[in-house]
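Letters A, B, ... mirror the listed sequences (proteins, then strands); counts begin at 1.
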Amino acid sequence: EAQVTQNPRYLITVTGKKLTVTCSQNMNHEYMSWYRQDPGLGLRQIYYSMNVEVTDKGDVPEGYKVSRKEKRNFPLILESPSPNQTSLYFCASSPGTWLTNEQFFGPGTRLTVL
Amino acid sequence: AQSVSQHNHHVILSEAASLELGCNYSYGGTVNLFWYVQYPGQHLQLLLKYFSGDPLVKGIKGFEAEFIKSKFSFNLRKPSVQWSDTAEYFCAFDPTGTASKLTFGTGTRLQVTL
């Protein structure tokens, strides 16, 4: 089944404790993105990647890192999480071609930073 | 700056009522436009998309949207809503043509009562 998977789905952590949220897609998509969803603000893009080893900042990149060492994986790293990073995070992928330009979303990771 | 406005934040309708959710975007170039739906506790799913051709786009579950270039609008419509349409609806646009960088609106929460 074609899908985007994220792990963990729920995470409670404390300020300053490094964490990684994994994202994997099995559709051989070129593009992958991370978003955060906050009430009243909709989804905001954190980082995106156009291909292996090619990443760029989205609208709210501060406090986050990403890497794209393999085409299928795009982990989100919070080196020193803070309470304002408490949010619902979505990973997404897209093929990157003109006629099939839609993003497919993962199930989300709800992060709480105490 | 590129942005998407969804003016209705919370809409309550009775079953069988007609629905129209507003979406306006701010961007001077060619855009691809999307409506996504998020059912309670679930990830975002694509309802419909427009990138060229007929400005009236039909999507899944009886939804449609009309692209009016002169008004920078892409309103979502459904002639008769069902209780199962209760969800949050997000309008988004993509200026890149590759779906690598979607800009989302803040969302409209639709509540359908029996």
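Interatomic distance, CG of B/Asp85 versus CG of B/Leu47, reported as 9.0 Å (0.5 Å rounding). B/Phe67 contributes atom CZ, which lies 8.0 Å from atom OG of B/Ser73 (distance to the nearest 0.5 angstrom).
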Under 3.5 Å donor-acceptor pairs involving side-chain atoms of residues 106-114 of chain A, not counting sequence neighbours:
from	atom 1	to	atom 2	distance (Å)
A/Thr109	OG1	A/Gln6	NE2	3.1
A/Thr109	OG1	A/Pro8	O	2.6

Output side-chain donor-acceptor pairs under 3.5 Å for residues 54-64 of chain A, partner residues at least two apart or in another chain, one line each.
from	atom 1	to	atom 2	distance (Å)
A/Asp59	OD1	B/Lys101	NZ	3.3
A/Tyr64	OH	A/Arg36	NH1	2.9
A/Tyr64	OH	A/Tyr89	OH	2.7

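If you measure heavy-atom distances from B/Leu44 to chain A, the contacts under 4.5 Å come from both the backbone and the side chain. Using a 4.5 Å cut-off between heavy atoms, A/Gln37 touches chain B through its side chain atoms alone. Contact of A/Leu41 with chain B is made through the backbone alone, with heavy-atom distances under 4.5 Å. With a 4.5 angstrom heavy-atom cutoff, B/Gln45 does not touch chain A via any of its atoms.
When all heavy atoms of B/Leu46 and B/Ile60 are compared, the pair lying nearest together is O-CD1, 3.6 Å. Taking every heavy atom of both residues into account, A/Arg72 and A/Asn26 meet most closely at NH2-CB, 4.3 Å.
Salt-bridge formation is not detected for the pair B/Glu20/B/Lys78: no Lys NZ or Arg NE/NH1/NH2 atom is positioned less than 4.0 Å from an Asp or Glu carboxylate oxygen.
For residues 9-19 of chain A, heavy-atom neighbours of chain B at less than 4.5 Å comprise no residues at all. Contacts of residues 4-13 of chain B with chain A at a heavy-atom distance below 4.5 Å are absent; not one residue qualifies.
Ring centroid separation for the pair B/Tyr89 and B/Phe63 comes in under the 6.0 Å cut-off. Under the 6.0 Å cut-off for aromatic ring centres, A/Tyr35 and A/Phe105 qualify, their centroids lying closer than that.
Using a 4.5 Å heavy-atom threshold, the side chains of A/Met32 and A/Cys91 count as touching.
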Checklist line | Stepwise ring-ring contact (aromatic ring centres under 6.0 Å, His included) check, B/Tyr27 with B/Phe93 | finding: CA-CA 9 Å; B/Tyr27 183 71; B/Phe93 86 95; 5.7 Å; yes

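Note: B/Tyr50 and B/Phe74 have tilted aromatic rings, judged against thresholds of 30 and 60 degrees for the angle between ring planes.
Among B/His43, B/Gln38, B/Gln42, the residue with the largest count of heavy-atom pairs under 4.5 Å with chain A is B/His43.
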